[in-house]
Amino acid sequence: MRQAAKDCIDAQREFTWLDDRPLAAKILYFAPAPMDGDVDNIVKLILDGMLQIVYRNDRVVERVLVQKIEPGMIVEFASITDKLEEAVETEHPVVYIRIDDDLSWREIT
(Lines give C-alpha, C1' and ligand atoms only; values in the text may rest on other atoms or scores of the structure.)
Protein backbone atom coordinates (compact mmCIF):
# COMPACT_ATOMS: atom_id res chain seq x y z
CA MET A 1 0.00 0.00 0.00
CA ARG A 2 2.72 2.43 0.99
CA GLN A 3 4.68 1.97 -2.26
CA ALA A 4 1.56 2.31 -4.42
CA ALA A 5 0.63 5.55 -2.64
CA LYS A 6 4.18 6.88 -3.01
CA ASP A 7 4.27 6.04 -6.73
CA CYS A 8 0.94 7.79 -7.29
CA ILE A 9 1.98 10.88 -5.31
CA ASP A 10 5.36 11.08 -7.04
CA ALA A 11 3.53 11.12 -10.39
CA GLN A 12 1.24 13.95 -9.24
CA ARG A 13 3.42 15.83 -6.77
CA GLU A 14 1.45 19.11 -7.04
CA PHE A 15 -1.62 17.43 -5.51
CA THR A 16 -0.07 16.39 -2.19
CA TRP A 17 -0.99 17.93 1.13
CA LEU A 18 1.37 16.96 3.95
CA ASP A 19 -0.18 19.63 6.10
CA ASP A 20 -2.89 19.53 8.75
CA ARG A 21 -5.99 20.29 6.70
CA PRO A 22 -8.97 17.99 7.30
CA LEU A 23 -9.33 15.29 4.66
CA ALA A 24 -11.86 12.73 3.51
CA ALA A 25 -11.15 9.29 2.07
CA LYS A 26 -13.22 7.18 -0.30
CA ILE A 27 -12.19 3.53 -0.61
CA LEU A 28 -13.83 1.15 -3.06
CA TYR A 29 -12.65 -2.45 -3.00
CA PHE A 30 -13.49 -4.35 -6.18
CA ALA A 31 -13.20 -7.95 -5.00
CA PRO A 32 -12.48 -10.83 -7.39
CA ALA A 33 -14.79 -13.12 -5.37
CA PRO A 34 -17.09 -12.85 -2.35
CA MET A 35 -15.05 -11.59 0.61
CA ASP A 36 -14.39 -13.79 3.61
CA GLY A 37 -13.24 -10.90 5.84
CA ASP A 38 -14.91 -7.71 6.94
CA VAL A 39 -14.63 -4.62 4.76
CA ASP A 40 -13.51 -2.49 7.72
CA ASN A 41 -10.31 -4.55 8.04
CA ILE A 42 -8.80 -2.85 4.98
CA VAL A 43 -9.36 0.74 6.15
CA LYS A 44 -6.60 0.96 8.78
CA LEU A 45 -4.07 -0.74 6.50
CA ILE A 46 -4.79 1.72 3.71
CA LEU A 47 -4.78 4.84 5.90
CA ASP A 48 -1.59 3.77 7.71
CA GLY A 49 0.05 2.96 4.37
CA MET A 50 -0.34 6.57 3.24
CA LEU A 51 1.24 8.11 6.36
CA GLN A 52 4.06 10.55 5.56
CA ILE A 53 3.24 10.20 1.86
CA VAL A 54 -0.22 11.71 1.54
CA TYR A 55 -0.54 13.25 5.02
CA ARG A 56 1.65 13.59 8.11
CA ASN A 57 -0.88 12.12 10.51
CA ASP A 58 -4.01 10.12 9.74
CA ARG A 59 -5.87 12.06 12.44
CA VAL A 60 -6.56 14.66 9.74
CA VAL A 61 -8.82 12.14 7.99
CA GLU A 62 -12.26 13.11 9.29
CA ARG A 63 -14.39 10.99 7.01
CA VAL A 64 -13.95 7.57 5.45
CA LEU A 65 -16.43 6.03 3.03
CA VAL A 66 -15.66 2.43 2.23
CA GLN A 67 -17.51 -0.08 0.10
CA LYS A 68 -16.78 -3.56 -1.13
CA ILE A 69 -18.02 -4.43 -4.58
CA GLU A 70 -18.20 -8.15 -5.17
CA PRO A 71 -18.83 -9.96 -8.46
CA GLY A 72 -22.46 -9.75 -9.51
CA MET A 73 -23.20 -6.57 -7.55
CA ILE A 74 -24.77 -3.81 -9.59
CA VAL A 75 -23.39 -0.41 -8.61
CA GLU A 76 -24.33 2.85 -10.31
CA PHE A 77 -22.10 5.88 -9.92
CA ALA A 78 -23.68 9.35 -10.15
CA SER A 79 -20.47 10.57 -11.76
CA ILE A 80 -17.33 8.71 -12.69
CA THR A 81 -13.79 10.04 -12.97
CA ASP A 82 -11.25 8.63 -15.39
CA LYS A 83 -9.44 6.91 -12.50
CA LEU A 84 -12.63 5.35 -11.16
CA GLU A 85 -13.56 4.16 -14.65
CA GLU A 86 -10.09 2.64 -14.95
CA ALA A 87 -10.60 0.83 -11.62
CA VAL A 88 -13.98 -0.52 -12.74
CA GLU A 89 -12.55 -1.83 -16.00
CA THR A 90 -9.35 -3.34 -14.53
CA GLU A 91 -9.19 -7.03 -13.63
CA HIS A 92 -10.06 -7.41 -9.96
CA PRO A 93 -8.93 -7.23 -7.20
CA VAL A 94 -8.59 -3.45 -7.39
CA VAL A 95 -8.67 -0.84 -4.65
CA TYR A 96 -9.78 2.67 -5.67
CA ILE A 97 -8.75 5.35 -3.17
CA ARG A 98 -9.59 9.03 -3.36
CA ILE A 99 -8.31 11.50 -0.76
CA ASP A 100 -9.57 15.06 -0.92
CA ASP A 101 -10.07 18.18 1.13
CA ASP A 102 -13.65 18.83 0.03
CA LEU A 103 -15.52 19.42 3.28
CA SER A 104 -18.94 20.08 1.76
CA TRP A 105 -20.22 17.02 3.66
CA ARG A 106 -19.82 19.08 6.86
CA GLU A 107 -22.67 21.34 5.79
CA ILE A 108 -25.71 20.01 7.62
CA THR A 109 -28.98 21.70 6.78
Side-chain angles (χ1 to χ4, degrees):
M1 181 63 238
R2 180 175 297 281
Q3 189 60 48
K6 185 175 182 333
D7 292 347
C8 184
I9 292 301
D10 287 346
Q12 301 175 10
R13 184 52 61 187
E14 70 272 13
F15 296 115
T16 61
W17 289 281
L18 287 180
D19 58 25
D20 295 324
R21 78 181 79 182
L23 300 173
K26 176 185 251 181
I27 302 168
L28 302 176
Y29 175 60
F30 296 90
M35 278 181 62
D36 289 332
D38 300 331
V39 71
D40 62 316
N41 291 339
I42 66 172
V43 175
K44 182 160 180 51
L45 292 172
I46 289 171
L47 295 181
D48 287 352
M50 293 188 290
L51 280 168
Q52 299 302 318
I53 296 168
V54 178
Y55 38 74
R56 284 192 292 242
N57 189 314
D58 59 358
R59 282 185 260 167
V60 300
V61 180
E62 292 186 358
R63 182 179 199 208
V64 178
L65 297 174
V66 61
Q67 181 173 350
K68 66 179 176 180
I69 302 167
E70 295 177 334
M73 287 181 69
I74 298 172
V75 178
E76 292 186 29
F77 298 102
S79 63
I80 190 164
T81 63
D82 291 341
K83 287 293 183 186
L84 179 53
E85 185 173 11
E86 182 181 330
V88 169
E89 294 175 356
T90 300
E91 186 176 345
H92 300 154
V94 172
V95 178
Y96 169 85
I97 304 166
R98 179 184 172 104
I99 305 291
D100 66 52
D101 62 347
D102 176 5
L103 301 179
S104 61
W105 56 270
R106 281 185 173 181
E107 299 171 15
I108 300 173
T109 55

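Between Pro22 and Glu62, the shortest heavy-atom contact is CB-OE2, 3.2 Å. Ile27 and Val95 make their closest contact through CG2-CG1, 4.1 Å (heavy atoms, listed as atom of the first residue, atom of the second, distance). The two residues Ile99 and Ala25 have their closest heavy-atom pair at CD1-CB, 3.5 Å.
Hydrophobic clustering, with ILVMFWY side chains joined whenever heavy atoms are under 4.5 angstrom apart, groups Ile53 together with Leu47. In this structure, Val64 is a member of the same hydrophobic cluster as Leu23, with clusters built from ILVMFWY side-chain heavy atoms closer than 4.5 Å. There is a path of hydrophobic side-chain contacts, each under 4.5 Å, that joins Val61 to Ile97. Under the 4.5 Å side-chain contact rule for hydrophobic residues, Val54 and Val43 share a cluster. Linking ILVMFWY side-chain heavy atoms closer than 4.5 Å, directly or via other members, places Val39 and Met50 in a single hydrophobic cluster.
Judged as a side chain to side chain donor-acceptor pair (under 3.5 Å), and not counting sequence neighbours, Asp82 has no contacts. Applying the side-chain contact (heavy atoms from CB on, under 4.5 Å) test to Arg56 and every residue at least two apart in sequence or in another chain returns Leu18, Asp19, Asp20, Gln52. Judged as a side chain to side chain donor-acceptor pair (under 3.5 Å), and not counting sequence neighbours, the contacts of Arg98 are Asp100. Residues meeting the side chain to side chain donor-acceptor pair (under 3.5 Å) test with Glu86, sequence neighbours left out: none.
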Counting only pairs under 3.5 Å, give me each side-chain donor-acceptor contact of residues 69-81, with atom names and distances, residues two or more places apart or in other chains.
residue: Glu70; atom: OE2; partner: Met35; partner atom: N; Å: 2.6
residue: Thr81; atom: OG1; partner: Leu84; partner atom: N; Å: 3.1

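Counting non-hydrogen atoms of neighbouring residues, nucleotides and ligands closer than 6.0 angstrom, the CD atom of Glu91 reaches no more than 12 such neighbours. Summarising the local packing, NZ of Lys68 is surrounded by more than 12 heavy atoms from other residues, nucleotides or ligands at distances under 6.0 Å.
The closest side-chain heavy-atom distance from Arg21 to Tyr55 is not below 4.5 Å.
For the salt bridge (Lys or Arg N to Asp or Glu O under 4.0 Å) condition, the pairs that include at least one residue of residues 32-46, sequence neighbours left out, are Lys44-Asp48.
For the pair Tyr29 (side chain) and Val66 (backbone), a donor-acceptor distance under 3.5 Å is absent.
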